[in-house]
Each structure stands twice: as C-alpha cells, then as structure tokens.
Amino acid sequence: MGFLAPWFLAGLVALGVPVFVHLLRRHRATPRPVSSLMFFERGAQSSTRHRRLRYLLLFALRCALVLLVVLAFANPFVKRTAAELNSRLLLMVLDTSFSMRAGTRFADAKQQALRLLARKPAAQKVEIMGLGGQLDVRTQAINDDTQLRAALESLEPGDGHANFGELGHAIRSLAETVRGPMELHLFSDMQRTAMPANLADAVLPNNVELVLHPVANGAAPGNWTVESVEAPTVLSEPKDPRQSRVRAVVAGFGTPSATKTVSLLVNGKTIATRQVNVPASGRVTVEFAPLDVGYGFNRCEVQIEGRDAFPADDASFFAVRRSDPERVLFVHPADDTRSALYFGSALSAGTKGSFVLQSVTAEQARDLDPSKYAFVVLSDAVMLPPIFERTLRQDVARGGRVLIALGTAAAHHARIPLWDSEVKDARDYARAGGTATVGQVDFSYPALEQAQPGRDNGGWAEVKIFYAAVLEEAGARVAARLADGTPLLLDKQVGEGDVVLLASGLENLTNDLPLHPIFVVFVDRTARYLSGSERLSGSQVVDSFVQLRGVAEPAGAVGSVEVTDPQGHRPLSLSEARTRESFRLERAGFYQIRFANGRDAVIGVNPDRRESDLAAMAQEMQNLWSGSSGSGAPHSAGAEAARVKSRSSSLWWYVMLLLLVVALAEAALASGYLGTQREEA
Amino acid sequence: MQRFLDPNVLAGISSLDLLAKTVVDGFVAGLHRSPDFGFSQEFAEYRPYVPGDDLRHVDWNLFARTERCYLKRYRGETNSQLTVLLDASNSMQYTSGPPTKMDYARYIAASLFYLAIHNQRDAAGLIVFDNEVREYIRPSTRPGQLARLFAGLERAEPQALTDFAKPLKHFQNFLHRRGIVILISDFYEEPETIVRASAPLRFHGNEVVLFHILDPQEVRPVLRGSALLVDLETDRRIEVIPEYAKTTYRTRIDAHIEQLRSRAQTAGMDYQLLLTSQPLDTALREYLSLRQAGN
C-alpha cells in the first residue's frame, strides 16, 4: 500500500484536536460550587463512567473522521497482484486483415499473443478474436489454456480490411453486457488506413484498457499494387475500342520511381504486357485494348511482375462476360414516340451497345415473351393487353425486372400494372405555374449510385419536373423524392424480380430530365441494374455481399443457390444453399455463383486496396488511442508482464465511503448528546 | 410599583433601610390602601369596659347614647411580636446570579422588620445562627430598633455549617411571649430534623413560618457536561453528569420540598418556598395574613 499524495499525511497532526477536546480539556474542568451535595449520591459516579464510555466512543469516531479525511487527501492505493486481477476479462484480438500477410507480420503477432497467453494467471478468463473484415469471435470468455491456444493457432490472415472503428463499435457493444473491467490486447501491424477518420469511432469504453502490440516496427517497406481496374463487365462488341478496353491504375506506396511490367491475363493466359514508369509513391494508368475474349465468362487478371514487399496485392481480378447485345422491350402508348427516342439514345450512349432497344406500342406487345428481354420498360403504358400483363407478372415473379414510367395517362387510370397500389393523386406543377425540383436522392441505390455526388445534387438539381403522379409508397423503397416530398423513384420487390417506378415520364413533356446529362447516367445504371449484368460479372471488394435471392420470395420456394469459392470449395451447406439470402465474399479470387433464379455469375474479388498501404499509424496516434500519451514507446513484453502482475488500485472511493459512514455515526452520537443538553436547558 | 419588589432591582440597592422602605411602600401601594393611615388607625371592635382599663379608650359618645361603657379598639393596638431566625450558614452564599440566597434572605427580613415596626408597630427581633446562635437582637418597639435590626442583618455573613437543633433549642430560652416566628433558611437538612427542631416553637403558641430560600439552579440545575461539584459547607467534591442532574436530582429535590411542606403543615407550621428570582411580596403577604389570623 502506498499514497499518491503522501504530503497530505502531515494533516494527521489534526488528530490532536479531538484528543484535546475529549481528553485534555475534560481534565481541566473547574470545580462548581453548590449549596449542598445532599442530593447528589455516589450513584452518579457509575453513571459518569457510563457516560465516559460514550465519550470515548465519540472520541474514537472523531479521531477516525480526521484520519479518514487525511487519508482521502493522501489518496492511498494498493498494488494488486495478478491473482486479484483474475476478474479482469482479457480480450486478445489478432489482426487477420490482408496486410498481415506481408512479411512475418502475422507470425510475429501470433507469437506475441501466445506469449501473453502463457503469462496470464491461470484463472483469468480470455476471449480470442480475429479482426479482419469483421470481428470474428473465436472463443467465449474461458480460462482453458488448451482451447485458447488452439483458437489462436487456428487464426489465419484473411483478405479483409481491418477497421479499428468497427473494433471500437464491437467492444462498446460487448461492454454493455460485460460490466466488469476488461483488458484489450490488440496484436496488429497498426496500419494507418485501419484507423477511421474520426478517432471517436475507435474510442473504447472506460472499463476497457487498450494495450497495443504493434508488429510492424520501423519504416513501412515499399509496395506496388494494382489499385483499380476499369473494365467492362459485359462485352458485346470486342472490336469496339470504346467498350473493349481495360484500364488499370498501378500505385506505389513508399516506393521509389521504378519501371514496372504490367500484364493482362485472361483465363490464365497473358494476352498483353505493358512497361510503365511508376513515379515515386505515385500512380500510373495502364491501358489494354482491345480486350478480345471468348463468349461466356472470362477470368481476367491485371498483374505486376517482379516481386516486392507484399506480393499478395500485385494482381487484381475481374470477370468479363462476352455476350451478344441484350434486348430491352420498351412499351409505350401509340401516341408517344418521344420517350422511346430519348430512352433509346441514352441507352445506346450509356451502355455502349450492350443493349438493343425494341420499341413497341402496348397493343403490339400482346404476343411478346418478356423473359426473352433483359428487362421491360413500360413508358406511360397503363393499358396493357391482359395476356401480356399476365405474362409479364409471371416473368417478374421469376426474377424479371421492369421499369415503369408514369406519364399523363396515369392520372386517368388509377390502376398501375404490376404495382399493387393505385395512383392517389397527380400533381401538375406546370398548370400551377411552376415546376418541382428533385430534392432527396439516395445515391446508394444502384440506379442512382454515385460515389461522390457533386454539389448539384449529383446532377439532379437542375432537373425540372412538370408533372408527377403520387403513389402509395408502402412496401417500396423510395430512392428519390421531389422537393415537396413527392416520391419520384420507387423500387418494389415482386417475387424474385424488381419493379422500378418513375413517377414522371421519360419524354420531355412531363419533365426535362431527358435533356440533362444525368439522364444518360440514370438510364445506363438503371439498365445495368435491371438487367442484372452488373452482378453477374465484374469485380467486387472482399467482404462485400452478394444477394443470392429475392427477399420477398419465401426461402427455398424457387431453388437453391450454389457458390464456389476461389479455392474450388462450396462454402454453403445444402440447407444454407436453400435458405441463405446473401453471401459474403471473404476471399480474393474468382467466385462462381448460381443464383436462385438460375442465372450464373463469375465475380472477381479483390482485397481492399487500402490494405496495400503498409504504413503504420504514427506513434502519437497509437498513444492517443491507447490512452497512454505519456509513454513514448509501445509496451515491451517484459514491461507488460510486470504491468499485468502488479497494478496500482486507488482506494479513494472506499475511504470516502468509510468517511461518510463514520461522519453519519459521529453526527448521530453527538446529536444525541447535544439533544440531552438542549432538553436540560 | 411592582418593580420595587423584583430581587434583581433590589440587588442594586445597598442600604437595607432604603431597600426595606422601597419594598414595603411598593407592597402596600399594591394593596390599594393609603400608607398614611396605616393599619393601626383602623377600627377593629368594641369591648365592654372592665376595671383597670384605660379610661382614655372609652367611647364617650356611645356611653352618652346608651349609658353603657365600651372601649373602642383599633387594629394597631393588637400588637404582635415578630422574630426572624436567619440561617447564615455557608450554603446560603450560593447564587447562580444576583442576589445570593443570603442577600435575598436579608431583603425579606429587612422588609418584614420595616413592615412590622414602621407600619404595624409590632415588636421585632432577630436571631442569626448557623451551627451556633451568632447574633440575638431582642424583639422591641423602642426607637432605634429598626436600625439595630438592619445592622444585625448587615453583620450576618455566611460561615460554618447549618445545625438547626442547637440554635433553636437555645432560642426557646429567649421566647417569653407568643408571636410570629419566621425561620429563613435553605433547609439542607432532613425534613424530620428541621420539623423536630422547630416544633417546640409552636408549643409556646407562636405562629411559625418556614421560608425556604432556594436558587432556581438548585431546583432545576443545568449542567453543560459533567461537572465537579463542591459542597460550600463541607468542601466535599463529587463529579456529576448532566443526565443525573436532569433526572434523579430533580426527583430528589422535589421530594425533599414536598416532604418538608407536608411535615411542617402537619406540625402546625406554615411553609413557603421562595426562589431568589421571585418578587418579595410573597413573604410580606404571608406575614400579614398570619398577623391577621393571630388577632
């Protein structure tokens, strides 16, 4: 036991006050004359002794009061031994992100974790976790060394991106259920890119003490990587240079200027090689054109030749599906020719010939089979032949997709085909002498997706809406709204399929959208979303999810899915294949997927390129995060062991509680005595 | 005029003569009677003439009307004899604030003397005692008697112990005529002893009054913490706690007072408890009522 402020112990001289009051002053009582002691008997003597006992108790309480006040200021603490720390839950988190594959980082981290596990008190409970794309809890809080060691040994580096913000979030959630103190030991390369932009996201609760075990000391080694690849997901015309080309960005992190050889591989064969000069810690773009691939799925790869510090990120995977242009059925009223013109032009420009528009009137659509089209567009076609409408409904239930645009005809026909609600109202802004603008846009919606929308609301700010139908939005996702709150773009799942509804038309009579550049982007993204070609090939980032079946359809009602991972394994069990709605792409490489609607896909999966920047976060930042800004260096193993075995624990709160109790007792005893005096008076 | 009876006010008067005059004049004025006429000038009764009576007191007007000879008697002519026995033991010097019990006793005695001699023309005498008779002034109405009595009171300083038996026995030798005997003391003695010692006074036909002088602190003592008490007479010391003074002591002093009152009344004596904080008229009123009862 010690004192954090021992100088306050000088206050113990104040103990002399109660000693003086109770012992010294009492003996100097002056004799008091009385007429006669006739009525004072010897019995008073024993009573005095009884009172003296009470005075001694009061004296003891007052001494204790002074002593405790002094102790509270002196702030006593005890050195708690490891045995006393058994109640602290030890959280061991091993970074299993992609960057841990570099060098001996993961092996070093695992060794440190095993050493800490060997040192811990036998009774202390430990929870093992892996931090990759998400926090992977390997064990519950147990103290069985064999199980814990096995859990640690089983951890392997993955391809995910570690995010300390997600770690903080997970630990904060854990702290809500585990009230006791916890110690979080993080074994990681402490990558700079793993720290969230806002440090508050990574901050841990008060009852969690963070101990960092960085494994990447010194300057980060130089590393080149294929940062991004821009390639068509569907290729219908290999000879078209606008469409048939691959553009890759090669980036260097902490690298000198160097000449690198970059190759394009298709189905394992190198079909093109380029020499590029990569500036120091800079980027360069490499282009391969044309991309000549065969029909079907092609597994493509852009690769940097020549080894560097982190070879695992020297290649980037993507899949290209070669097919003939897909047909799009465009159904419009007989008197409307503008919408087909605008939509067809935008589709041709946006998709670079991947789609061919077939424009028919509602009457002409009677004998057409919607399943032979990539998707169907109903442009203000609210009066469909019943047989076509039924066929279209069946197609949507099986996975077909439809875009409905509501022109002025919708106001006269309350019932919208395929959309199970009616038009509540029609807002004619032009007749009211004004226009409506697009207010809220959900840029995460696939048809409107923009990574960094501009200040002009992603290009939608200038669009003027003259006419819009108002529909019941229940059960639908509203992707865009007008400034007055009227839903503009809605998406509703019907069976395995999707129905996207634009509450205005596709011509320039109900709005001026076709006259804006955003219309081309909108049509392009909508076409890709509705055709499903986006998700059948191309590339994804590790830990992204793939939708295996429509959520509106009862699980297993259509069929089972099939997933083959890059190692050729099937990660889903038979029951999971019939029930799982989504699948997380955990590994880098090519995934082969058969969806519930029977369509096949090959997807190239790449690690998050933030993992390629191997630079560790600054020491100050590490100190700030772990809350030990005073320490200049990370805890060494020996110091950590000493810290674990012995820890100071302040007794201030206990002293204050005891002080309160003694003060209350003293007040009760003293007031009882004073009460007697008052009564006498 | 009531303030002239307040002991706190009287404590500021050093002259017993003036003090007694102040008290008595204040007291009489409170009775709504003119002090100029006095009780002795008041008609009391007619009494048939018997040989030997002074012819100056015959009511000749009545004789002329009825031819019968009657004497006219006045109250002032029913002379009485007042004897004050003053306890001057050490315990009488106790005080919790002015005046002391001794001073209070002096005020009472002086007032009684003034009232008796100046207003009632009674003979008055004084015996000062502790465990011995220290001073004896024979009852008399002679000129200068009041001054002698006041001087005797001035000389009565507390000393020695209290012993009722010896001085009272000695006092019986001086009593030759019936009258009023007032015993002023704090009576720190067993009631039985006090009554036994003073009862013989009653046998001679005297009206005996016990004036029990106590300080308020002696009746309801207040102790702030345990105290070392010293007996003023014996110098004995004892440590007492407030709780005892609050409970047992009060019970015992109350019992003592009640027992003394009861035994005194049983023996045909009057008893009056006088606290030093009380006005003096209580004592004067007691004297006058006894005097009237005796006529």
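All values below were derived from every heavy atom in this structure, side-chain atoms included, with hydrogens, water molecules and symmetry-related copies excluded. In what follows, chains carry the letters A, B, and so on, assigned in the order in which the sequence lines appear, proteins first and then strands, with residues in each chain numbered from 1. What you see is a predicted model; the values in this text were computed from it and never measured.
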Novice: Only one of Val240(B), Ile238(B), Leu232(B) passes side-chain contact (heavy atoms from CB on, under 4.5 Å) with Leu37(A); say which it is.
Specialist: Ile238(B)
Novice: Does anything in residues 89-96 of chain B get under 4.5 Å of chain A by heavy atoms, and if so which residues?
Specialist: Ser91(B), Tyr94(B)
Novice: Filter on salt bridge (charged side-chain N to carboxylate O under 4.0 Å, His left out), then keep only pairs touching residues 188-197 of chain B, sequence neighbours left out; what's left?
Specialist: Glu192(B)-Arg263(B)
Novice: Let me check something: any side-chain donor-acceptor pairs from residues 124-132 of chain B under 3.5 Å, sequence neighbours excluded? List them with distances.
Specialist:
unit_1    : atom_1 : unit_2    : atom_2 : d
Asp130(B) : OD1    : Glu132(B) : N      : 3.0
Asp130(B) : OD2    : Arg134(B) : NE     : 3.3
Asp130(B) : OD2    : Arg134(B) : NH1    : 2.6
Glu132(B) : OE2    : Lys166(B) : NZ     : 2.4

Novice: Rounded to the nearest 0.5 Å, what's the gap from CD on Glu218(B) to CE on Met38(A)? Could you check?
Specialist: 12.0 Å
Novice: Can you list the residues that meet the side-chain contact (heavy atoms from CB on, under 4.5 Å) rule with Leu204(A), with sequence neighbours excluded?
Specialist: Ile171(A), Leu184(A), Val208(A), Leu210(A)
Novice: Are more than 12 heavy atoms, taken from residues, nucleotides or ligands other than His256(B), located less than 6.0 Å from that residue's NE2 atom?
Specialist: yes
Novice: Distance from Ile253(B) atom CD1 to Ser36(A) atom OG, nearest 0.5 Å?
Specialist: 8.5 Å
Novice: Classify the ring geometry between Phe39(A) and Tyr249(B) as parallel (under 30°), tilted (30 to 60°) or perpendicular (over 60°).
Specialist: perpendicular
Novice: Can you see which heavy atom on Ser35(A) is nearest to which on Lys101(B), and at what distance?
Specialist: OG-NZ, 2.9 Å
